[in-house]
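Let me begin by presenting the structure, written as structure tokens, before commenting on it.
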Amino acid sequence: MIKDCSLYFVTGQDSSNGRDTVEVVTEALNGGVDIVQMREKGLEKNKLILLGMKLVDLCKKYDAVFIVNDDPYIAKEINADGVHLGQEDIMKISIDEARKIVGTEKIIGVSTHSVSQFTLANESDVDYIAYGPVFVTKTKDYYIGVDGVEKVLKIANKPVVFIGGINEKNVDALLEKGAKNVAMIRAISQAEKITDTVISLKEMIKKGQCRDY
Ligand code: 3NM
């Protein structure tokens with residue numbers, strides 16, 4: 001399970017202004033990100049495993065949750081805390097199969113891009129649900145906006161992580177609607193001062209929604 005009030009960093013070597021992923025993740029952890037997802041679409045399996053092993057150790061040191069994107073077998077092999085599955089992934093490997101691979105102790109998250117996908121995910125054996133892209137993002141060629149935010153929060157029976165184009169300027173718009181967890185690539189990976197940016201984002205989350213944590 002993931003804790004609420006989490007700042008979730010998704011890696012992206014291609015979106016890190018040439019900086020090394022381990023360096024970027026270290027700076028993000030120094031600022032206090034709670035969850036790190038290794039999402040490196042350009043890397044082959046053996047390289048993902050090598051990078052993943054480094055990130056597993058790094059996240060452990062900071063007591064942060066470490067999630068592998070797309071591949072439950074890699075998550076299992078490197079003993080990550082869990083796996084994140086996209087809608088395309090779950091066409092190939094169902095959530096129930098992924099659960100058998102990673103086991104009941106591990107975290108499974110799934111991406112959803114509409115209220116109807118969210119509703120289905122809500123009934124499935126996942127530990128959190130990502131919903132987005134809520135704003136314009138370079139990663140996707142569409143965005144779904146914030147209209148469904150309150151609706152999904154109302155029906156959710158597990159933590160919801162909002163994603164897509166979120167940054168220091170627009171995060172409040174989500175927090176005001178009740179969001180507790182937000183995920184980002186570029187607002188963190190492309191920040192000039194990653195640690196400072198993360199500290200400020202965490203402060204905003206705390207003020208916006210999670211005053212008691
Ligand atoms: N998944 P940025 S949006 C990886 O909506 C990802 O499922 C999304 O990057 C989804 O914070 C997204 O730079 C990209 O917009 C997030």
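In each ligand, atom 1 is the first atom listed, and ligand 1 is the first ligand listed.
If you take CD1 on Ile188 and CD on Gln190, they are separated by 11.5 Å, rounding to the nearest 0.5 Å. Taken from CD1 in Ile107 to CG in Asp81, the straight-line distance is 5.5 Å, to the nearest 0.5 Å. The distance from atom CD1 of Ile2 to atom NZ of Lys158, rounded to the nearest 0.5 Å, is 12.0 Å.
Residues forming a ring-ring contact (aromatic ring centres under 6.0 Å, His included) with Tyr8 (at least two apart in sequence, or on another chain): Tyr128. For Val136, the side-chain contact (heavy atoms from CB on, under 4.5 Å) partners at least two apart in sequence or on another chain are Tyr143. For Thr137, the side-chain contact (heavy atoms from CB on, under 4.5 Å) test picks out Pro133, Thr139, Lys140, Arg186, with sequence neighbours left out.
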Can you list every pair where an N/O of ligand 1 is under 3.5 Å from an N/O on the protein?
residue	atom	partner	partner atom	Å
ligand 1	5 (O)	Gly132	O	3.3
ligand 1	5 (O)	Pro133	N	2.9
ligand 1	11 (O)	Ile185	N	2.9
ligand 1	13 (O)	Arg186	N	3.0
ligand 1	13 (O)	Arg186	NH1	2.7
ligand 1	15 (O)	Thr137	OG1	2.6
ligand 1	15 (O)	Gly165	N	2.7

